[in-house]
Visitor: 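Right, I'll just put the structure down here and ask away after.
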Amino acid sequence: MSQNERALRDHSGGEPPWRHFAMAGIIAALLIPFLFFSPFRLIEARLYDLLSVIAPPGPAQPGAVVVAIDEPSIGEIGQRWPWSREIHAKLVESLRVAGAKVIAFDIVFADPSAEEADASFAKALGPDVVLAADDVTTMLNQGVQVTRVYPLDPFLDAGAAAGVASVHLDGDAYLRRMPDMRDSFAGEALRLAGNSKPAPPEGALIQYFGPAYTYPRVSYYQALNPADFLPPGYFKDRIVLVGLSLKQATSADIGTPDAFPTPYTLTEGTLTPGVEVQANILDNLRHGLYVLPVPRSAMMLLVIAGAFLAAAFSRHGVTWRTGPAAVFVLAFFMVGAWALLRFERVWAPPALPAAAALAVFGTRFGLDYARERHLRRTVSEAFSRYLSPDLVAQLARDPSALKLGGERRNLSILFCDVRGFTTLSEKLKDEPEHLTTLINRLLDPLSEAVLAEGGTIDKYIGDCVMAFWNAPLASPDHPLRAARAALRMLEAVKILNAELRQEEGDAAPAFAIGVGINTGDCVVGNVGSRWRYDYSVLGDTVNLASRLESLSKEYGVSIVLGPATAKALQDHFVLIELDRIAVKGRTEKSAIFTIVAPAGQSQDPALAELTELHPTLLDTISAGKRVEALELVQHCQTLAPSLSNYYKKLMVKAAAIPE
């Protein structure tokens with residue numbers, strides 16, 4: 001533990017406990033009104049979706065078999081939906097012969113069809129059939145009107161029961177709530193099966209037992225002739241639910257498919273057919289597996305408990321133990337909510353209690369952070385007259401950093417120098433203010449390019465910028481970041497030159513830069529003396545990066561890469577080898593490279609040909625083949641106009657080869 005942390009902890013520990021718990025009480029009081037805020041309930045509902053699908057308690061045997069009006073059935077029957085009710089009459093007779101105990105149609109037969117078809121359907125109906133009714137809600141100026149739509153009277157007179165199949169969607173259009181009417185569709189099916197159950201309490205939630213198509217399911221055409229398509233006794237003593245299970249509407253008469261988002265929609269991405277929703281509701285009623293939300297008064301107590309639990313864990317201030325404590329409190333509420341849901345069929349949404357706990361932890365952290373900032377300010381004020389501002393800030397963060405030394409790390413080093421700056425200085429020797437303004441306008445976007453790619457600016461050496469990557473913060477892709485920073489620098493120079501031409505006309509200076517990037521092991525840390533030191537880097541990698549920058553002018557390119565950098569970038573850019581140079585400490589020469597284009601342009605015919613011919617060109621020059629070298633230089637120059645300066649220099653080199 002640092003001295004700052006220890007002092008902060010001692011300071012927090014001296015605070016009266018009642019103040020800490022009073023803070024928790026205030027936070028709980030501020031959050032409790034969210035329990036009655038409708039949009040927040042949607043957050044609780046989404047948590048229910050996530051937790052209710054984890055190891056749901058399924059019945060030993062599904063309580064219903066689904067007969068699906070699906071696409072294969074429409075194809076086999078050969079009629080557009082809605083079908084003639086004579087077909088439904090045949091289905092009832094077929095299922096009755098197959099031993100079905102109850103036949104429930106999740107279809108509202110409220111409008112008459114052909115007289116003969118209706119008579120045939122009514123004749124097939126009986127006390128073992130449930131037909132769907134519907135509650136239609138109409139918004140009027142005077143209020144909301146709910147009208148119940150029943151099946152046709154002849155169907156009810158034939159002995160069929162009516163069950164209300166209406167469901168109530170939540171604000172996000174998900175179907176989670178149990179129907180609370182006594183004569184619900186699933187309730188009537190259970191009643192006819194001799195297993196009558198009371199309606200669930202208002203607000204009860206559906207426990208789904210799986211995603212779409214979890215229940216035993218056969219196509220309608222198979223149920224019309226079960227002897228040919230299904231095992232013997234498939235429908236024996238079963239409740240059969242008949243309803244739409246279409247993936248899309250088949251005609252304008254249907255409208256949208258009868259399918260609903262359920263908790264499994266989040267995990268599976270599918271909708272559940274309405275008839276299968278009714279099967280879930282039936283088993284919820286039959287086995288008492290529906291879920292009861294806890295009262296809002298109990299939720300208020302849970303919010304207070306969450307706030308005070310977090311307060312107990314953070315009473316002595318924020319330390320390294322606070323993180324695990326916060327994770328424990330969150331896990332406690334999440335796992336506890338799931339356990340209550342799974343084993344007690346009670347839903348206690350963990351969102352607000354967990355939010356109360358996090359708010360207490362966050363407030364405690366904020367207070368401690370404010371105190372720590374005050375301590376840092378005290379240190380800064382005490383040492384700012386003797387140390388540099390950067391070092392003061394580092395000392396305030398960690399006093400143990402006040403020592404010389406460093407560590408060995410693999411870094412990418414970038415040097416960027418302004419070409420022709422000496423000439424510009426001579427030209428503006430009588431206008432030093434203008435010269436300073438110009439160089440500052442240039443260094444600003446160059447520095448911004450480094451910072452945008454997460455680099456560290458080491459220093460400014462006149463008109464030169466030195467930067468590095470992978471320290472003090474780790475950056476695994478540091479060669480790529482350094483290269484992108486270099487490209488940003490080139491673009492920034494173009495923009496600045498355009499601005500200067502617009503401001504000063506043709507007499508405006510035109511800046512150009514050269515960039516050298518090298519990657520390798522360096523020593524990074526506080527470098528200097530007892531009296532003054534800076535965070536910087538040392539090593540041959542730095543020296544080579546500086547040399548590469550100076551070579552950019554010699555080779556007529558804007559960017560020169562060292563071998564390690566080029567190797568790291570070969571999958572991101574089209575590179576070409578410029579030359580091989582002697583490196584200190586090595587007997588063999590090392591290749592240096594430049595960036596031609598992004599890797600996405602590698603399939604361009606000109607670039608593809610260039611990358612194939614360029615190595616041959618270098619080999620030809622090395623072999624002293626003057627004529628071939630000159631031809632290849634001219635051809636490569638036409639393939640890459642952006643490298644024309646480089647190829648002009650190669651042209652001179654090739655022309656100097658003895659014939």
Side-chain angles (χ1 to χ4, degrees), residues 64-96 100 102-126 128-137 147-167 185-186 188-189 212-213 215 217-226 229 235 239-260 271-279:
V65 175
V66 174
V67 171
I69 300 171
D70 53 11
E71 283 82 357
S73 297
I74 291 175
E76 289 290 333
I77 291 174
Q79 290 187 20
R80 294 179 56 195
W81 179 263
W83 296 329
S84 169
R85 288 170 184 171
E86 291 178 339
I87 297 176
H88 297 315
K90 292 179 183 178
L91 177 69
V92 172
E93 294 169 354
S94 174
L95 291 174
R96 195 173 284 145
V102 176
I103 305 165
F105 283 86
D106 186 19
I107 304 168
V108 181
F109 297 106
D111 299 316
S113 65
E115 184 176 348
E116 184 178 348
D118 286 349
S120 175
F121 188 43
K123 183 178 179 181
L125 299 177
D128 59 345
V129 177
V130 179
L131 301 179
D134 190 17
D135 283 342
V136 178
T137 301
T147 305
R148 180 158 294 179
V149 179
Y150 283 101
L152 294 174
D153 289 339
F155 299 158
L156 299 180
D157 294 340
V164 180
S166 299
V167 291
F185 182 76
E188 285 296 295
Y213 313 129
Y215 274 78
R217 179 175 181 271
V218 298
S219 290
Y220 192 103
Y221 78 91
Q222 295 174 320
L224 282 173
N225 194 1
F229 294 103
F235 294 113
I239 297 175
V240 180
L241 303 183
V242 183
L244 290 168
S245 183
L246 298 171
K247 294 183 178 179
Q248 60 184 4
T250 57
S251 73
D253 298 327
I254 297 177
T256 56
D258 182 25
F260 301 92
L271 302 178
T272 300
V275 65
E276 193 165 346
V277 169
Q278 296 293 346

Visitor: Find the distance between NZ (K123) and CD (E93) and round it off to the nearest 0.5 Å.
Guide: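 Going from the NZ atom of K123 to the CD atom of E93 covers 8.0 Å.
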Visitor: Please list, chain by chain and in numerical order, all residues satisfying ring-ring contact (aromatic ring centres under 6.0 Å, His included) with Y150, sequence neighbours excluded.
Guide: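 With sequence neighbours excluded, Y150 shows a ring-ring contact (aromatic ring centres under 6.0 Å, His included) to no residue whatsoever.
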Visitor: Go through the structure and list residues passing side chain to side chain contact (heavy atoms under 4.5 Å, CB included) with L271, not counting sequence neighbours.
Guide: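 For L271, the residues satisfying side chain to side chain contact (heavy atoms under 4.5 Å, CB included) (neighbours in sequence not counted) are A259, P261, T265.
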Visitor: Could you work out, with side chain to side chain donor-acceptor pair (under 3.5 Å) as the rule, every residue matching D128, not counting sequence neighbours?
Guide: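 Side chain to side chain donor-acceptor pair (under 3.5 Å) list for D128, sorted by chain: R96.
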Visitor: Just jot down the side chain to side chain contact (heavy atoms under 4.5 Å, CB included) partners of A119, sequence neighbours excluded, or say none.
Guide: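 Testing A119 for side chain to side chain contact (heavy atoms under 4.5 Å, CB included), a comparison that skips the adjacent residues, returns none.
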Visitor: Please step through ring pair (Phe, Tyr, Trp, His ring centres under 6.0 Å) for the pair F121 and F105, ending with a clear verdict.
Guide: CA-CA 12 Å; F121 188 43; F105 283 86; 5.8 Å; yes
Visitor: Restricting to non-hydrogen atoms, name the atom on A122 and the atom on P154 that form the minimum distance, rounded to 0.1 Å.
Guide: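 So the two residues come closest at CB-O, 4.1 Å.
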Visitor: Side chain of E276, backbone of Y215: donor and acceptor closer than 3.5 Å?
Guide: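 Flag set: sc E276 to bb Y215 pair under 3.5 Å.
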Visitor: If I compare all heavy atoms of A132 with all of P151, which pair ends up nearest, and what's the gap?
Guide: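 For A132 and P151, the tightest heavy-atom pair comes out as O-CG, 3.6 Å.
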Visitor: Ignoring hydrogens, what is the shortest heavy-atom contact between H88 and Y220? Give both atom names and the distance.
Guide: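 Closest approach of H88 to Y220, heavy atoms only: ND1-OH, 2.7 Å.
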Visitor: If you compare all heavy atoms of L95 against all heavy atoms of A223, which two are closest, and at what distance to 0.1 Å?
Guide: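 Closest approach of L95 to A223: CD2-CB, 4.2 Å.
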Visitor: Not counting sequence neighbours, which residues clear ring-ring contact (aromatic ring centres under 6.0 Å, His included) with F235? List them please.
Guide: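 Partners of F235 under the ring-ring contact (aromatic ring centres under 6.0 Å, His included) test: none.
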Visitor: Run the side chain to side chain contact (heavy atoms under 4.5 Å, CB included) test against Q79 and tell me which residues pass, sequence neighbours left out.
Guide: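 Partners of Q79 by the side chain to side chain contact (heavy atoms under 4.5 Å, CB included) criterion, ordered by chain and then number, come out as I77, W83, S84, I87.
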Visitor: What's the separation between atom CG in L156 and atom CG in L131, rounded to the nearest 0.5 Å?
Guide: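 Going from CG on L156 over to CG on L131, the span is 7.0 Å.
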Visitor: Within this structure, what is the OH-CG distance for the pair Y221 and L91, rounded to the nearest 0.5 Å?
Guide: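 Answer for the OH-CG pair, Y221 versus L91, is 14.0 Å.
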Visitor: Sorted by first residue and then second, give each side chain to side chain donor-acceptor pair (under 3.5 Å) pair with at least one member in residues 109-118; sequence neighbours left out.
Guide: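 Matches after skipping sequence neighbours: R85-D118, S113-D118.
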Visitor: Once side chain to side chain donor-acceptor pair (under 3.5 Å) is applied, do any residues pair with S219, and if so which ones, sequence neighbours excluded?
Guide: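 With neighbours one apart ignored, the set is D70.
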Visitor: Kindly indicate whether the side chain of D106, heavy atoms from C-beta on, has any atom under 4.5 Å from the side chain of L241.
Guide: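 The answer is no, as the side chains (C-beta and beyond) never meet within the 4.5 Å cut-off.
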Visitor: Which residues pass the side chain to side chain contact (heavy atoms under 4.5 Å, CB included) test with D135, not counting sequence neighbours?
Guide: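 With sequence neighbours excluded, D135 shows a side chain to side chain contact (heavy atoms under 4.5 Å, CB included) to V146, R148, V164, S166, M181, given in chain and number order.
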Visitor: Listed by chain and number, what are the side chain to side chain donor-acceptor pair (under 3.5 Å) partners of E188, not counting sequence neighbours?
Guide: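 Checked E188 against side chain to side chain donor-acceptor pair (under 3.5 Å); matches are R191.
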Visitor: Would you check, one step at a time, whether the test side-chain contact (heavy atoms from CB on, under 4.5 Å) holds for D258 with V275?
Guide: CA-CA 8 Å; D258 182 25; V275 65; 5.6 Å; no
Visitor: Of all heavy-atom pairs between F260 and G274, which one has the smallest distance, and what is that distance?
Guide: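 Taking F260 first and G274 second, the nearest heavy atoms are CE1-CA, 3.7 Å.
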Visitor: Taking the side chain as C-beta and beyond, is there a heavy-atom pair between Q278 and V167 under 4.5 Å?
Guide: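 SC-SC contact between Q278 and V167 confirmed.
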Visitor: Can you see which heavy atom on L246 is nearest to which on I69, and at what distance?
Guide: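 Closest approach of L246 to I69: CD2-O, 3.4 Å.
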